[in-house]
Student: 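The structure is given below, and queries will be raised subsequently.
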Amino acid sequence: MTCSSHIAGFGHYVPARRVENAEIEARLGLDAGWIERRTGIRERRWAAPDETLTDLATNAAAMALDGAGIDRGAVALTLLATSTPDHLLPPSAPLLAHKLGLPASGAVDLAGACSGFLYALVLADSFVKAQGKPVLVVAANILSRRINMDERGSAVVFADAAGAVVLVPSADPDCGTLGVDLVSDGKDYGLISIPAGGSACPFLGGMDPSELQMTMRDGKAVFAQAVRMMGQSAVRAMEQAGLAVQDIHRFVPHQANSRIIDAVCDQLGVPRHKAVRTIDEFGNSSAATIPLSLSLANRERPFAPGERLLLAAAGAGMVGGAMVFGMGGNYRRSIP
């Protein structure tokens, strides 16, 4: 009897172009090493001019589907978490499903900013449990095309990448979402934004093009809110799962800033070595950072039955949350 979901495949893709800190520091007049000291980032990837969002997403998704080893005709739903779709209309997910050859899949975009993958994974897990059919979850962004290179707060951190997972039905009750807590705080809605281009402020002739670029109004406030939201949500997700910090094997946070990751670890009492980190090499690609990190971590040291993963994210909106995801049976509590 199907009662859970299982991650059967992981995938990731990053563009070929490496952008090292020195290039950005020189442009902004920053001292050598300034970016790494404050963010933990050494380099990031930026897409080539001819690469589209669905190109990145297709590469990551194909890897996940190949790893899952399932017939592509079996995929019933494709969820694409992105803040940088190919077009404002139509959504990009149907094009992604077409490129992948998924003839029986519904497809929809999710705009959850840095928390988009987390929300998509929760929805996918519920769909698999309800319908008993595989779901493809992809998160991808090309943030290099939304960066205001004259604004230090965004220019130094954002990157391009894609990550994906394939969820399939499982009869193992230790698989899938064991605990989840989703939150939002609209009073800080405008801390990170793209001012124009939406229906509230259409982009009109004569506007400054910077109005279509990302801006971070108060970096210190973003930092404090992210740590608070991720930490509090993680506690509630673990409580819902009936687990303690020592029952978590790997912590996979959104890769916003290494200091945020450290602060959340310290707040929760999670040993820093349990935190999966990719920010040093790949920067902050918003929703894509968690599935990118999952795929790279699985390649380096495959997830084993019995592992419990803690995922947490917070981003523009402010939208955040956390979940505990189980990798299957043979679980022993309080594994050091």
Student: Please report the closest heavy-atom contact between Met327 and Phe303, naming both atoms and the distance.
Tutor: CE-CB, 3.7 Å
Student: Could you check Asp125 against Leu167 for side-chain contact (heavy atoms from CB on, under 4.5 Å), going step by step and ending with a plain yes or no?
Tutor: CA-CA 7 Å; Asp125 175 80; Leu167 266 63; 4.2 Å; yes
Student: Could you tell me whether the side chain of Arg250 and the main chain of Lys274 form a donor-acceptor pair under 3.5 Å?
Tutor: no
Student: Name the residue from Thr177, Leu294, Val165 that meets the side chain to side chain contact (heavy atoms under 4.5 Å, CB included) definition with Phe325.
Tutor: Thr177
Student: Taking the side chain as every heavy atom from C-beta outward, state whether Thr39 and Arg259 have any atom pair closer than 4.5 Å.
Tutor: no
Student: Take His6 and Ser170 through the test side-chain hydrogen bond (donor to acceptor under 3.5 Å, both in side chains) and record every step on the way to the result.
Tutor: CA-CA 6 Å; His6 170 65; Ser170 171; 5.7 Å; no
Student: Before you tell me yes or no, could you show the steps for Thr52 and Asp55 under side-chain hydrogen bond (donor to acceptor under 3.5 Å, both in side chains), namely the whole-Å CA-CA distance, both residues' side-chain angles and the distance that decides it to 0.1 Å?
Tutor: CA-CA 5 Å; Thr52 66; Asp55 288 339; 3.1 Å; yes
Student: Should Leu30 and Val156 count as side-chain neighbours, where that means a heavy-atom distance under 4.5 Å?
Tutor: yes
Student: Does NZ in Lys187 sit with more than 12 non-hydrogen atoms of other residues, nucleotides or ligands closer than 6.0 Å?
Tutor: yes
Student: Just distance, no hydrogens or angles: give the donor-acceptor pairs under 3.5 Å from side chains in residues 309-321, sequence neighbours left out.
Tutor:
none

Student: Indicate yes or no: does Arg42 engage Asp280 in a salt bridge with an N to O separation below 4.0 Å.
Tutor: yes
Student: Do Gln255 side-chain atoms and Pro253 backbone N/O form a donor-acceptor pair below 3.5 Å?
Tutor: yes
Student: Should Val14 and Ile142 be regarded as members of a common hydrophobic cluster, given that ILVMFWY residues are connected when their side-chain heavy atoms come within less than 4.5 Å of each other, either directly or indirectly?
Tutor: no
Student: If you take all heavy atoms of Arg277 and Ser258, which pair is closest and at what distance?
Tutor: NH1-O, 3.9 Å
Student: Could you walk me through whether Glu20 and Arg27 satisfy the salt bridge (charged side-chain N to carboxylate O under 4.0 Å, His left out) test, starting with their C-alpha distance in whole Å, then the side-chain angles of each, then the deciding distance to 0.1 Å, before giving a yes or no?
Tutor: CA-CA 12 Å; Glu20 297 182 349; Arg27 178 186 175 96; over 6 Å; no
Student: Is it possible for you to say whether Ile290 and Val122 belong to one hydrophobic cluster, with membership spreading through side-chain heavy-atom contacts below 4.5 Å?
Tutor: yes
Student: With a 4.5 Å limit on heavy-atom distance, are the side chains of Phe251 and Val245 in contact?
Tutor: no
Student: Under the 3.5 angstrom rule, does the side chain of Glu307 hit a backbone N or O of Ala304 as a donor-acceptor pair?
Tutor: yes
Student: Where do Ser105 and Thr78 come nearest, in terms of heavy atoms and distance?
Tutor: OG-OG1, 2.9 Å
Student: What heavy-atom pair brings Pro134 and Ile70 nearest, and what distance separates the two atoms?
Tutor: CB-CD1, 3.8 Å
Student: With sequence neighbours left out, write down each residue that passes side-chain hydrogen bond (donor to acceptor under 3.5 Å, both in side chains) with Asn148, or none if nothing qualifies.
Tutor: none
Student: Between Arg37 and Glu25, is the closest basic N to carboxylate O distance under 4.0 Å?
Tutor: no
Student: Under a 3.5 Å distance rule, please check whether Asp86 uses its side chain to pair with a backbone N or O of Leu53 as donor and acceptor.
Tutor: yes
Student: Contact between Ile7 and Val166 at the side-chain level, heavy atoms closer than 4.5 Å - yes or no?
Tutor: no
Student: Tell me if the CZ atom of Arg38 is crowded by more than 12 foreign heavy atoms within 6.0 Å.
Tutor: yes
Student: Are Ile261 and Met229 connected into the same hydrophobic cluster when the rule is that any two of I, L, V, M, F, W, Y join if their side-chain heavy atoms are below 4.5 Å apart?
Tutor: no
Student: Thr54 and Lys99: side-chain hydrogen bond (donor to acceptor under 3.5 Å, both in side chains), yes or no, with the steps?
Tutor: CA-CA 8 Å; Thr54 51; Lys99 286 184 173 183; 2.9 Å; yes
Student: Any side-chain heavy atom of Cys114 within less than 4.5 Å of one from Thr289?
Tutor: no
Student: Taking only residues two or more places apart in sequence or in another chain, which ones pass side-chain hydrogen bond (donor to acceptor under 3.5 Å, both in side chains) with Tyr119?
Tutor: none
Student: At their closest point, which heavy atom of Ala161 faces which heavy atom of Ser285, and how far apart are they?
Tutor: CB-OG, 3.6 Å
Student: Does any part of the side chain of Val108, heavy atoms only, come nearer than 4.5 Å to the side chain of Leu79, both counted from C-beta?
Tutor: yes
Student: To check you understand the geometry: which heavy-atom pair defines the closest contact between Pro15 and Arg45, and what is its length?
Tutor: O-NH1, 2.8 Å
Student: Only one of Arg308, Met323, Gln240 clears side chain to side chain contact (heavy atoms under 4.5 Å, CB included) with Leu178; which?
Tutor: Arg308
Student: Just checking Lys133: does its NZ atom have more than 12 heavy atoms from other residues, nucleotides or ligands closer to it than 6.0 angstrom?
Tutor: no
Student: Using the rule that two of Ile, Leu, Val, Met, Phe, Trp, Tyr join whenever any of their side-chain heavy atoms come within less than 4.5 Å, decide whether Leu110 and Phe117 are in one cluster.
Tutor: yes
Student: Scan for ring-ring contact (aromatic ring centres under 6.0 Å, His included) pairs involving residues 76-98, sequence neighbours excluded, and state none if there are none.
Tutor: none
Student: Can you name the side-chain hydrogen bond (donor to acceptor under 3.5 Å, both in side chains) partners of Arg228, sequence neighbours left out?
Tutor: Asp185, Gln225, Gln232
Student: According to side-chain hydrogen bond (donor to acceptor under 3.5 Å, both in side chains), who are the partners of Ser92, at least two apart in sequence or on a separate chain?
Tutor: none
Student: Taking it one step at a time, do Thr278 and Ser293 satisfy side-chain hydrogen bond (donor to acceptor under 3.5 Å, both in side chains)?
Tutor: CA-CA 6 Å; Thr278 56; Ser293 298; 2.9 Å; yes
Student: Do Val128 and Val168 make a side-chain contact, defined as non-hydrogen atoms from C-beta onward lying under 4.5 Å apart?
Tutor: no
Student: Do Arg18 and Trp46 make a side-chain contact, defined as non-hydrogen atoms from C-beta onward lying under 4.5 Å apart?
Tutor: no
Student: Please round to the nearest 0.5 Å and tell me the distance separating atom CE of Met230 and atom CG of Leu118.
Tutor: 9.5 Å
Student: Out of the candidates Asn284, Asp160, Thr84, only one should pair with Asn141 under the side chain to side chain donor-acceptor pair (under 3.5 Å) rule; please name it.
Tutor: Thr84
